Amino acid sequence: ALLGRLNNRVKEYDKALEYSFKSLQLAKRDSVQGKFRFPGKYMNISLTYLNMGVEYIDSADLYMEQAIFWAEKTHNYYLIQGYYRQWANFHRHYGNMERFHELIEMAYNSRTSAIKKENMSLLLSDVGVSYYYLNKTSIGIKFCLRAKQIADSTGMNFPMKIANFNLYEIYNDMKLFDKALIHYKNFVYLTDSIKKEENQRAVIRNTFKHEYEKKALADSLEFAKAEELKDLEIEKQSAELSQQRIGLAATGVGLILIIALAASIHKGKKRSDELLLNILPEETAQELKAKGSAESKLIEDTTVLFTDFEGFTAMSENVTASALVKDINECFSAFDHIMEKHGVEKIKTIGDAYMAAGGLPTPNKTHVKDVVLAALEIADFMKDWAAKKEAKGKPHFDIRIGVNTGPVVAGIVGVKKFQYDIWGDTVNTASRMESASDVGKVNISESTYNKLKDEPQFAFDYRGEIEAKGKGKVKMWFVNRKNT
């Protein structure tokens, strides 16, 4: 089962299914206790199919039904609500909002008195969002407000953050900007609080680790000192000349060790600084080093870029894993150089998607132009790259690019492997711009167009109002350089 989950996590889905099915067969051989393990076994198989893509959704549904059936059969009611929520949110991810609502309703109806308040808040938030997606806005708001009320009573930041963000999105789409702003400020504050807590825990862990290492070093020095005293007793029985020579030799070795240690510490510090700057913006890295934490910030105006490869899944079925990784690395490395050239901050890669943003962490006035120029250069690079692949008779993938401008919350995620990330509706809309783009095109939102339309070097092709998942009809433009 563990091997199945690990392979699922690293996207080795064939192996994940192989191990998960073997685990299920072993459970079936245990006639006494096996059935109590069935829910988890079927759940692992379902999650693997869900991760494999929308074309496997029927298989995922089949095994999820089995997981819930056996959870009910073995009276494991606590699992049922969680399974339904997880199942529902995968359908939400794939854009099937009616199925999302149906499954969230099942989760809500299956709740028990044993459910924790924070889980109830998250469940009610999902119910509210599902009604909102079905254009039953007043019911959706009612559930989200109830979710917020329960979350507030728990004093736990995460469910409060989710409830406020959902209310912000609903009120914002309804153009009730005063109410939207209240919940957005709460969301930003809670996000900041969560990051502070995580960073404080990291500092505490590092402090304990440092104290432990100091104690271990002290113990080692005491031991070494005791051993040295024993050696001195033996040395006293030797001739004075031998003692002098030994003392001189020991002093020389000690000096060499001290010099080597100092050089090693300096080299290690330089290397750690380089690694930190490689994963965090310089301003954020300096703040983290100085304070032991880095506060999340609301950046009022930034431009977000998303790219995604078209034909990636089909190509992955026809080439080796090493060849596929080599191609992705070649493209993403080129994107990194393009971002650096235009002063745009790379945020992260998610599978075959690439995300970057301009105007952060230090705000500037050129971020819209910087990001669009970078996007157009990526499109040019991919066109040339695909042509070279095609000339050699090798498979290739194409690219879609989307850009949006607006406010984001930016900060550090995690306590072990730090990651600078951004959140907010601006990010979601940028992703929708990419999804609605055409191959080889740069698709921009209305907010980006309004800030760029007077730039003489760009040409725009208005596409009209196009349906965007979770957004309704949204105005979009293709952008290009003039005279190209």
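In what follows, residues are counted from 1 in the order of the sequence shown. None of these values were measured; they are calculated from a predicted model.
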Next on the checklist: Going by the rule salt bridge (Lys or Arg N to Asp or Glu O under 4.0 Å), which residues pair with D301 if we only count those two or more places apart in sequence or in a different chain?
Outcome noted: K451
Checklist entry - Mind checking whether L26 and K41 have side chains closer than 4.5 Å, heavy atoms only? => result no
Checklist entry - Can you list every side chain to side chain donor-acceptor pair (under 3.5 Å) pair that touches residues 374-388, not counting sequence neighbours? => result E330-W385, K341-E377, H342-E377, D380-R481
Item to check | Nearest heavy-atom neighbours spanning E446 and W477 | outcome: CA-CZ3, 3.4 Å
Next on the checklist: Counting neighbours of NZ on K471 that are heavy atoms of other residues, nucleotides or ligands and sit closer than 6.0 Å, is the number greater than 12?
Outcome noted: yes
Next on the checklist: Could you check whether F309 and F332 have their ring centres less than 6.0 Å apart?
Outcome noted: yes
Could you give the side-chain donor-acceptor pairs of residues 57-68 under 3.5 Å, partners two or more places apart or in another chain?
residue : atom : partner : partner atom : Å
D61     : OD1  : W87     : NE1          : 2.6
D61     : OD1  : H91     : NE2          : 3.1

Checklist entry - Are any non-hydrogen side-chain atoms of N164 and K148 less than 4.5 angstrom apart? => result yes
Checklist outcome for this item: For Y84, the ring pair (Phe, Tyr, Trp, His ring centres under 6.0 Å) test, sequence neighbours excluded, returns none
Item to check | Under 3.5 Å: donor-acceptor pair, side chain of S46, backbone of Y42 | outcome: no
Item to check | Whether S437 side chain and K441 backbone form a donor-acceptor pair below 3.5 Å | outcome: yes
Item to check | Any side-chain heavy-atom pair of V439 and I399 under 4.5 Å | outcome: no
Checklist entry - Do T48 and K11 touch side chain to side chain, with heavy atoms closer than 4.5 Å? => result no
Item to check | Results of side chain to side chain contact (heavy atoms under 4.5 Å, CB included) for P395 - residues two or more places apart only | outcome: M315, V319
Next on the checklist: A side-chain contact here means heavy atoms from C-beta on lying under 4.5 Å apart; do C331 and F381 qualify?
Outcome noted: yes
Item to check | For the student: nearest non-hydrogen atoms of V403 and T303, plus distance | outcome: CG1-CG2, 3.4 Å
Item to check | Stepwise side chain to side chain contact (heavy atoms under 4.5 Å, CB included) test for V442 and N480 | outcome: CA-CA 7 Å; V442 178; N480 213 325; over 6 Å; no
Next on the checklist: Once salt bridge (Lys or Arg N to Asp or Glu O under 4.0 Å) is applied, do any residues pair with K389, and if so which ones, sequence neighbours excluded?
Outcome noted: D327
Checklist entry - Out of curiosity, L373 CG to L452 CG, how far, rounded to the nearest 0.5 Å? => result 8.0 Å
Checklist entry - Should Y49 and L17 count as side-chain neighbours, where that means a heavy-atom distance under 4.5 Å? => result yes
Next on the checklist: Apply side chain to side chain contact (heavy atoms under 4.5 Å, CB included) to residues M476 and I444 and explain how you reach the verdict.
Outcome noted: CA-CA 6 Å; M476 302 182 192; I444 64 174; over 6 Å; no
Item to check | Closest non-hydrogen atom pair between A374 and I338, with its separation | outcome: O-CG2, 3.7 Å
Item to check | Non-hydrogen side-chain atoms of M382 and F397 separated by less than 4.5 Å | outcome: yes
Item to check | Closest heavy-atom pair and its distance - V474, A468 | outcome: CG2-CB, 4.0 Å
Checklist entry - Partners of F458 by ring pair (Phe, Tyr, Trp, His ring centres under 6.0 Å), sequence neighbours excluded? => result none
Next on the checklist: Any side-chain to backbone donor/acceptor pair from T426 onto P407? Under 3.5 Å, distance only.
Outcome noted: yes
Checklist entry - Backbone N or O of A16 within a donor-acceptor pair of the S20 side chain at under 3.5 Å? => result yes
Next on the checklist: Between N404 and S445, does the side-chain hydrogen bond (donor to acceptor under 3.5 Å, both in side chains) criterion hold? Intermediate values first, please.
Outcome noted: CA-CA 5 Å; N404 179 46; S445 66; 2.5 Å; yes
Item to check | side-chain hydrogen bond (donor to acceptor under 3.5 Å, both in side chains) evaluation trace for T405 with S447 | outcome: CA-CA 6 Å; T405 302; S447 59; 4.7 Å; no
Next on the checklist: Walk me through whether F306 and V427 qualify under side chain to side chain contact (heavy atoms under 4.5 Å, CB included).
Outcome noted: CA-CA 9 Å; F306 264 98; V427 179; 3.8 Å; yes
Checklist entry - Is a donor on one side and an acceptor on the other found under 3.5 Å between the side chain of S130 and the backbone of V127? => result yes
Next on the checklist: Which heavy atom of A163 sits nearest to which heavy atom of A147, and what is that distance?
Outcome noted: CB-C, 4.2 Å
Checklist entry - Are the side chain of S333 and the backbone N or O of N329 linked by a donor-acceptor pair below 3.5 Å? => result yes
Checklist entry - Would you say the side-chain atoms of N443 pair up with the backbone N or O of M433, donor to acceptor, closer than 3.5 Å? => result yes
Checklist entry - When you check the gap from the basic side-chain N to the acidic O, do D438 and R400 get nearer than 4.0 Å? => result no
Item to check | Residues which pass salt bridge (Lys or Arg N to Asp or Glu O under 4.0 Å) with K22, listed by chain and number, not counting sequence neighbours | outcome: E18
Next on the checklist: Nearest 0.5 Å, please: how far is CE in M355 from CG in L305?
Outcome noted: 9.5 Å
Checklist entry - What's the verdict on side-chain hydrogen bond (donor to acceptor under 3.5 Å, both in side chains) for Y171 and N166, showing C-alpha distance, side-chain angles and the deciding distance? => result CA-CA 9 Å; Y171 285 131; N166 288 336; over 6 Å; no
Checklist entry - Judged by atom type as modelled, is there a donor-acceptor pair below 3.5 Å linking the side chain of S153 to the main-chain atoms of I150? => result yes
Next on the checklist: Counting only heavy atoms from other residues, nucleotides and ligands, does the tally under 6.0 Å from CD of E102 exceed 12?
Outcome noted: yes
Next on the checklist: Holding to salt bridge (Lys or Arg N to Asp or Glu O under 4.0 Å), I want the full list of residues that pass it with D352, two or more places apart in sequence or in another chain.
Outcome noted: none
Next on the checklist: Once you measure the plane-to-plane angle for F187 and F165, does it fall in the parallel (<30°), tilted (30-60°) or perpendicular (>60°) bin?
Outcome noted: tilted
Next on the checklist: Measuring only between side-chain heavy atoms, which start at C-beta, is V372 closer than 4.5 Å to E455?
Outcome noted: no
Checklist entry - Got more than 12 heavy atoms from elsewhere within 6.0 Å of CD, E98? => result no
Item to check | Y19: partners by side chain to side chain contact (heavy atoms under 4.5 Å, CB included), with sequence neighbours left out | outcome: L3, N7, K15
Next on the checklist: If you take the centroid of each ring, where Trp contributes its six-membered ring, are Y449 and F460 closer together than 6.0 Å?
Outcome noted: yes
Next on the checklist: Using side chain to side chain contact (heavy atoms under 4.5 Å, CB included), reason through K482 and Q457 one step at a time and then give a plain yes or no.
Outcome noted: CA-CA 6 Å; K482 277 193 176 176; Q457 69 193 96; 5.9 Å; no
Checklist entry - Distance-only, no hydrogens or angles: does the N51 side chain make a donor-acceptor pair with backbone N or O of L47 under 3.5 Å? => result yes
Next on the checklist: Quick test of your reading: applying salt bridge (Lys or Arg N to Asp or Glu O under 4.0 Å), list the pairs with at least one residue in residues 167-183, sequence neighbours left out, ordered by first then second residue.
Outcome noted: none
Checklist outcome for this item: Nearest heavy-atom approach of I422 to A357 is CD1-CB, 4.0 Å
Item to check | For D461, all residues meeting side chain to side chain contact (heavy atoms under 4.5 Å, CB included), sequence neighbours excluded | outcome: F478
Checklist entry - Does the separation of the ring centres of Y131 and H101 fall below 6.0 angstrom? => result yes
Item to check | Spatial distance of atom CD1 (I170) from atom SG (C144) [nearest 0.5 Å] | outcome: 4.0 Å
